[in-house]
There are 2 protein chains.
Amino acid sequence: MPVQTLLQHFNTITPLSLAAQAALKQCLYLERYPKKTMIQQQHRPAQHIFIVHTGLVRSFYTHNDKEITASFGTPGCMVCAMSSLLSYEPATYSIETLEESELFYMEFAAMEALYDAHHDLERLGRMMITQYYLDQEKELKAIRFQSSEQRYQTLLNLQPELLQRAPLGHVASYLGITPETLSRLRARY
Amino acid sequence: MPVQTLLQHFNTITPLSLAAQAALKQCLYLERYPKKTMIQQQHRPAQHIFIVHTGLVRSFYTHNDKEITASFGTPGCMVCAMSSLLSYEPATYSIETLEESELFYMEFAAMEALYDAHHDLERLGRMMITQYYLDQEKELKAIRFQSSEQRYQTLLNLQPELLQRAPLGHVASYLGITPETLSRLRARY
DNA sequence: TGCACTTTTTGATTTATATCAAAAAATGAG
DNA sequence: CTCATTTTTTGATATAAATCAAAAAGTGCA
């Protein structure tokens with residue numbers, strides 16, 4: 001039963017009471033989506049948090065009519081239009097599956113309602129956003145101080161399969177470089 | 001009584017019970033520091049959160065032996081070695097006053113202890129780190145998509161006084177450019 | 001008040017990566 | 001399977017900003 005695995009995972013972030021776990025479980029759904037399904041549309045209110053169970057998704061936004069990949073989601077990853085959920089404004093991010101995927105989802109509003117009733121879930125929320133902050137800080141420093149080549153190599157070390165499974169253009173914008181530059185980097189390993 | 005103003009400010013972020021306010025008040029201290037005082041040293045454990053009451057401070061880290069200004073703190077700003085507080089690792093950030101300043105400070109450990117006792121303070125913590133996340137996201141996009149000149153002009157619009165009060169080199173690294181480039185930008189307004 | 005030291009300015013050169021352009025390869029619908 | 005469309009590769013050129021270098025201006029201490 002996969003929901004149980006997910007709760008287990010949350011429990012390692014911060015211990016959750018049985019009541020909190022039960023309440024959370026009530027709000028979590030698992031669904032299968034075909035390849036190339038848009039599960040969150042730009043300009044519509046962001047409502048859901050997704051957690052990848054199987055498959056591959058990406059979140060992206062547009063800048064000067066170009067799609068910029070913000071993140072890839074592999075099993076275990078939480079993917080959502082974070083800034084829109086947090087600010088309650090229409091989403092600037094879209095999310096789509098790149099492969100057939102099974103995703104947990106829950107209403108963000110439901111999560112917020114649970115915060116009121118369960119102090120430990122509020123703590124979970126705090127710790128998760130904290131982790132997002134720390135990861136983003138790393139990303140900021142990578143963009144500022146590392147060359148295209150260094151960022152490419154980091155990805156190659158940490159998630160080599162992404163370069164096979166995701167189109168080059170998506171990976172390029174994720175790394176903050178043009179497809180041409182990534183193609184050339186790849187040519188000389 | 002300035003602590004009262006600060007509590008008021010927190011109250012606008014999320015409503016705090018009187019008990020929570022009283023507990024928080026117990027942990028808050030106000031102190032005056034002369035210009036150029038290091039209030040947080042790199043490599044030492046980060047222990048405090050500072051909130052600027054008067055004056056000007058900056059937080060910075062070193063990269064390739066160069067100091068990089070991470071943020072400036074003006075009255076109302078919270079300044080801390082955030083990532084070290086959150087990760088419990090020795091600070092990679094230093095913090096110093098650029099002018100004589102009055103700062104509120106509190107032990108981060110005390111804040112964490114208060115989280116256990118006061119759900120509403122945990123919420124305050126969650127909402128504050130959330131705001132940090134959203135601000136950092138803006139910064140990341142500015143670095144990725146805006147030119148030096150655009151970032152300079154944004155600063156000029158939002159905090160023109162910083163260019164008078166902080167040394168050019170500090171502002172340059174804050175903007176992610178070299179002092180030479182900033183000097184040239186400034187020359188042609 | 002003068003002198004060492006630091007910061008800022010100005011100029012010349014280099015460089016990484018974007019942009020523009022077009023060919024080659026891959027993909028997918030009918 | 002075939003053709004249209006999209007993606008990737010390859011090449012030539014442009015450019016913003018870094019780097020290197022040195023002069024000028026500013027700062028503070030003795």
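Just so you know, these numbers come straight off a predicted model, no measurement behind them. Atom set for the values below is all heavy atoms of this structure, side chains included, hydrogens, waters and symmetry mates excluded. Chain letters run A, B, ... following the sequence lines, proteins first and then strands; every chain starts at 1.
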Colleague: Assign the ring pair H63(A) / F145(B) to parallel, tilted or perpendicular, where the plane angle (0 to 90°) is split at 30° and 60°.
Modeller: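 Rings of H63(A) and F145(B): parallel, as their planes differ by under 30°.
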Colleague: Separation of Q164(A) atom CD from dT7(D) atom P, in whole Å?
Modeller: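 Whole-Å distance recorded here is 18 Å.
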Colleague: Figure out the CD1/P separation between I143(A) and dA18(C), and round it to whole Å.
Modeller: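 In whole Å, dA18(C) P and I143(A) CD1 are 10 Å from each other.
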Colleague: Salt bridge (Lys or Arg N to Asp or Glu O under 4.0 Å) for E139(A) and R144(B)? Distances and angles first, verdict last.
Modeller: CA-CA 11 Å; E139(A) 200 185 328; R144(B) 267 196 72 167; 5.5 Å; no
Colleague: So if I take every side-chain heavy atom of R184(A) and compare against dG11(C), dT17(C), dG11(D), which nucleotide ends up nearest?
Modeller: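 Comparing dG11(C), dT17(C), dG11(D) against the side chain of R184(A), the answer is dG11(D).
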Colleague: Side chain of S147(B) only, please: which of dA18(D), dA17(D), dT9(C) is the nearest?
Modeller: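 The closest nucleotide is dA17(D).
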Colleague: Look at the side chain of P167(B) and decide which nucleotide, out of dT8(C), dA17(D), dT9(D), has an atom nearest to it.
Modeller: dT8(C)
Colleague: Quick one: E180(A) CD to dA21(C) C1', roughly how many Å, whole number?
Modeller: 10 Å
Colleague: Within the structure, does a side-chain N or O atom of S183(B) lie under 4.0 Å from either OP1 or OP2 of dT8(C)?
Modeller: no
Colleague: Mind checking L182(A) for me? I need base, sugar-phosphate or nothing, with any heavy atom below 4.0 Å counting as a touch.
Modeller: nothing
Colleague: OP1 or OP2 of dT17(C) versus the side-chain N and O atoms of T178(A): is any pair under 4.0 Å?
Modeller: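 So the side chain of T178(A) is outside the cut-off, no N or O lying under 4.0 Å from OP1 or OP2 of dT17(C).
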Colleague: Do L86(B) and L140(B) share a hydrophobic cluster (ILVMFWY, side-chain heavy atoms under 4.5 Å, transitive)?
Modeller: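 Different clusters: L86(B) never reaches L140(B) through Ile, Leu, Val, Met, Phe, Trp or Tyr contacts under 4.5 Å.
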Colleague: How many whole angstroms separate atom NZ of K36(B) from atom P of dT7(C)?
Modeller: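 Whole-Å distance recorded here is 7 Å.
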Colleague: Is a donor from one side chain sitting under 3.5 angstrom from an acceptor on the other, for R123(A) and T14(A)?
Modeller: no
Colleague: Within this structure, what is the CG-NE2 distance for the pair D116(B) and H119(A), rounded to the nearest 0.5 Å?
Modeller: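 Taking CG in D116(B) and NE2 in H119(A), the distance rounds to 6.5 Å.
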Colleague: In whole angstrom, what separates L175(A)'s CG from dA18(C)'s C1'?
Modeller: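 My rounded result for the distance is 16 Å.
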Colleague: For N64(A) and dA18(C), give me the distance from atom CG to atom C1', rounded to whole Å.
Modeller: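 In whole Å, dA18(C) C1' and N64(A) CG are 13 Å from each other.
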Colleague: Among dT9(D), dA18(D), dT17(C), which nucleotide has an atom closest to any side-chain atom of T181(B)?
Modeller: dA18(D)
Colleague: In this structure, how many angstroms lie between the P atom of dA16(D) and the OH atom of Y152(B), rounded?
Modeller: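 These atoms are roughly 18 Å apart.
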Colleague: Let me know the distance between CZ of R186(B) and P of dT9(C), rounded to the nearest Å.
Modeller: 4 Å
